[in-house]
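First, the structure itself, so that you have it in front of you.
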Amino acid sequence: MPGGEKVLLVDDHEDNLFALYSALSPLGYPLATATGGDAALKAVLRGGVAVVVLDVVMPGVSGLDVLRYMQRLELTRHIPVILVTGLGVDARLSRAAMRLGAADLLVKPIDPWALCIKVRYLYDFTRRSPRPAPAAVPRAALPAPAAPPAPTGRWA
């Protein structure tokens with residue numbers, strides 16, 4: 001089994017998170033989930049994230065906002081982000097994603113095999129690449145906490 005750095009899966013719909021989790025679990029990498037942009041930012045700022053699979057359209061902090069914030073910080077700009085959208089092929093979104101430094105942009109429904117190949121490549125590449133020394137993130141740089149989501153069923 002690979003090392004302790006995890007793949008962070010971010011989507012505001014639990015069924016999409018379950019599908020991503022199910023597709024990537026055969027790789028054997030540690031997986032973590034977040035149901036919104038605020039939670040995703042907190043997870044990457046805590047460290048230990050090798051790759052992020054990030055939904056574009058979410059309430060509050062969008063996937064593009066998360067990516068924009070990650071690119072501003074030395075601590076997180078090296079983490080590859082695969083953006084996922086259900087909006088279909090959109091040239092403006094593609095340009096914005098690449099301008100912000102996304103590793104890839106995938107359109108739902110996602111081919112699980114293609115996702116596994118991309119995540120495995122980025123995970124292995126990230127593990128081999130030198131990392132910047134962690135720097136303290138000032139508390140003021142953290143996003144304000146969002147209201148907790150309404151309780152939904154949990155899955156393993």
Checklist entry - Does a side-chain heavy-atom distance below 4.5 Å link V81 with L83? => result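 A side-chain contact exists here, since the closest heavy-atom pair is under 4.5 Å.
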
Checklist entry - Going from CG on L27 to CZ on R120, what distance comes out if it is rounded to the nearest 0.5 angstrom? => result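 Rounded to the nearest 0.5 Å, the CG-CZ separation comes to 7.0 Å.
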
Checklist entry - Going by heavy atoms in the side chains, are D12 and P59 under 4.5 Å from each other? => result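 Touching, per the 4.5 Å side-chain cut-off.
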
Next on the checklist: So that I can tick it off, tell me whether R68 and D65 are bridged by a salt bridge, with the cut-off set at under 4.0 angstrom between side-chain N and carboxylate O.
Outcome noted: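 So D65 pairs with R68 through a salt bridge.
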
Checklist entry - When L106 is tested against each of D111, T85, V53, I82 for side-chain contact (heavy atoms from CB on, under 4.5 Å), which residue passes? => result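 Only match with L106 under side-chain contact (heavy atoms from CB on, under 4.5 Å): I82.
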
Checklist entry - Is it the case that one hydrophobic cluster holds both I117 and L122, taking links as side-chain heavy atoms less than 4.5 Å apart, direct or via other members? => result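 Unlinked, I117 and L122 end up in two clusters.
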
Next on the checklist: To the nearest 0.5 Å, what is the distance between CG on L100 and CZ on R72?
Outcome noted: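 Reported to 0.5 Å precision, the distance equals 9.5 Å.
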
Item to check | D11 and K108 ion-paired at < 4.0 Å | outcome: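 Yes, charged N to carboxylate O under 4.0 Å.
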
Next on the checklist: Quick check for you: to the nearest 0.5 Å, what is the distance between H78 atom NE2 and L73 atom CG?
Outcome noted: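 Reported to 0.5 Å precision, the distance equals 11.0 Å.
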
Next on the checklist: Quick check: do S62 and V56 have side-chain heavy atoms less than 4.5 Å from each other?
Outcome noted: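 No; the side chains remain at least 4.5 Å from each other.
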
Checklist entry - Is there a side-chain contact between Y121 and V51, using heavy atoms and a 4.5 Å cut-off? => result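 No - every pair of side-chain heavy atoms lies 4.5 Å or more apart.
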
Checklist entry - NE2 of H13 to CG of L20: how many Å apart, nearest 0.5 Å? => result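 Reported to 0.5 Å precision, the distance equals 12.5 Å.
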
Checklist entry - Where is the tightest heavy-atom contact between G63 and M58, given as atom of each residue plus distance? => result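 Nearest pair, atom of G63 first, then M58: N-CE, 3.8 Å.
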
